[in-house]
Amino acid sequence: MTRYLVILLSTLLTMAPTLAHEGHDHGAAPAASLPAVSKPRAEAQSDQFELVVVLEGDQLVLFLDRFADNQPVDKARIEVESGTWQAIASTMPDGTFSIKAPAFAKAGKYPLVFTITAGADSDLLETTLIVASPPPSVTGRGHRQPGWAAGWIGLGLLVLLGGVVTMRRRQKPVKG
């Protein structure tokens with residue numbers, strides 16, 4: 001009999017994490033294939049240039065390529081406007097361009113106009129940078145840790161098993 005109770009107890013303990021109902025944690029979520037928070041970015045292209053803009057902190061990082069062959073353009077003058085804000089990009093050692101842009105620190109949609117001059121070529125590109133609001137922070141207040149139900153169920157079954165074993169030992173043998 002005790003052997004059956006041990007089997008029952010081990011089966012119930014392995015099933016306990018699946019007993020949670022909606023609104024409760026059912027274990028670790030599968031790993032996301034994309035980062036949880038990505039940096040705001042925008043793209044623009046013409047028949048001459050392709051431009052990718054990435055907001056990194058208070059810096060706009062610009063990647064400029066020739067549209068026809070995707071070759072990077074590392075020597076260019078890039079002027080940027082967004083409403084009343086204007087700036088000229090600085091060339092970085094890695095061939096990208098950078099602009100200090102604290103104007104984009106808040107969530108919102110920012111129309112951007114780029115005037116690009118590279119040698120004899122010049123172009124005007126437009127795009128919109130969308131800066132999303134940060135996700136609300138999640139606190140652990142009021143939430144129990146995953147697996148709390150399994151612990152309570154296991155403890156209850158252990159007490160039950162102890163009671164059954166104690167009762168079996170106290171029973172008087174039946175004489176027949």
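We number each residue from 1, following the sequence as shown.
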Any pair counted as salt bridge (charged side-chain N to carboxylate O under 4.0 Å, His left out), so long as it reaches residues 75-88, sequence neighbours left out
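Sorted result for residues 75-88: R77-E79.
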Pairs involving residues 95-117, ordered by first then second residue, that meet salt bridge (charged side-chain N to carboxylate O under 4.0 Å, His left out) (sequence neighbours left out)
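Applying salt bridge (charged side-chain N to carboxylate O under 4.0 Å, His left out) to every pair that reaches into residues 95-117, excluding sequence neighbours, yields D58-K100.
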Would you kindly confirm whether V73 and L112 end up in one hydrophobic cluster when ILVMFWY residues are joined by side chain heavy atoms under 4.5 Å apart?
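In one cluster: yes.
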Let me check something: do I99 and I116 share a hydrophobic cluster, defined by ILVMFWY side-chain heavy atoms less than 4.5 Å apart, either directly or through other members?
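Yes, one cluster joins them.
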Identify, with sequence neighbours excluded, every residue that meets side-chain contact (heavy atoms from CB on, under 4.5 Å) alongside P40.
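With neighbours one apart ignored, the set is L55, L129, V131.
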Any residue meeting salt bridge (Lys or Arg N to Asp or Glu O under 4.0 Å) with R66, in chain and number order, not counting sequence neighbours
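R66: salt bridge (Lys or Arg N to Asp or Glu O under 4.0 Å) contacts with D121.
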Do the non-hydrogen side-chain atoms of T127 and L51 ever get within less than 4.5 Å of each other?
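They are not in contact (no side-chain heavy atoms under 4.5 Å apart), so the answer is no.
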Check: L62 and F114 side chains under 4.5 Å, non-hydrogen atoms:
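A side-chain contact under 4.5 Å exists here.
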With sequence neighbours left out, which residue pairs that include part of residues 41-93 fulfil the ring-ring contact (aromatic ring centres under 6.0 Å, His included) condition?
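Every ring-ring contact (aromatic ring centres under 6.0 Å, His included) pair that includes a residue of residues 41-93, provided the two are not neighbours, is W85-F104.
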Rounded to the nearest 0.5 Å, what's the gap from [atom1] on [X] to [atom2] on [Y]? Could you check?
X    : Y    : atom1 : atom2 : result
L125 : E43  : CG    : CD    : 12.0 Å
E50  : Q71  : CD    : CD    : 12.5 Å
Y110 : T128 : OH    : OG1   : 12.0 Å
D65  : Q45  : CG    : CD    : 11.0 Å

Under 3.5 Å donor-acceptor pairs involving side-chain atoms of residues 87-98, not counting sequence neighbours:
from: D94; atom 1: OD1; to: T96; atom 2: N; distance (Å): 3.1
from: D94; atom 1: OD1; to: T96; atom 2: OG1; distance (Å): 2.7
from: S98; atom 1: OG; to: Q59; atom 2: OE1; distance (Å): 2.6

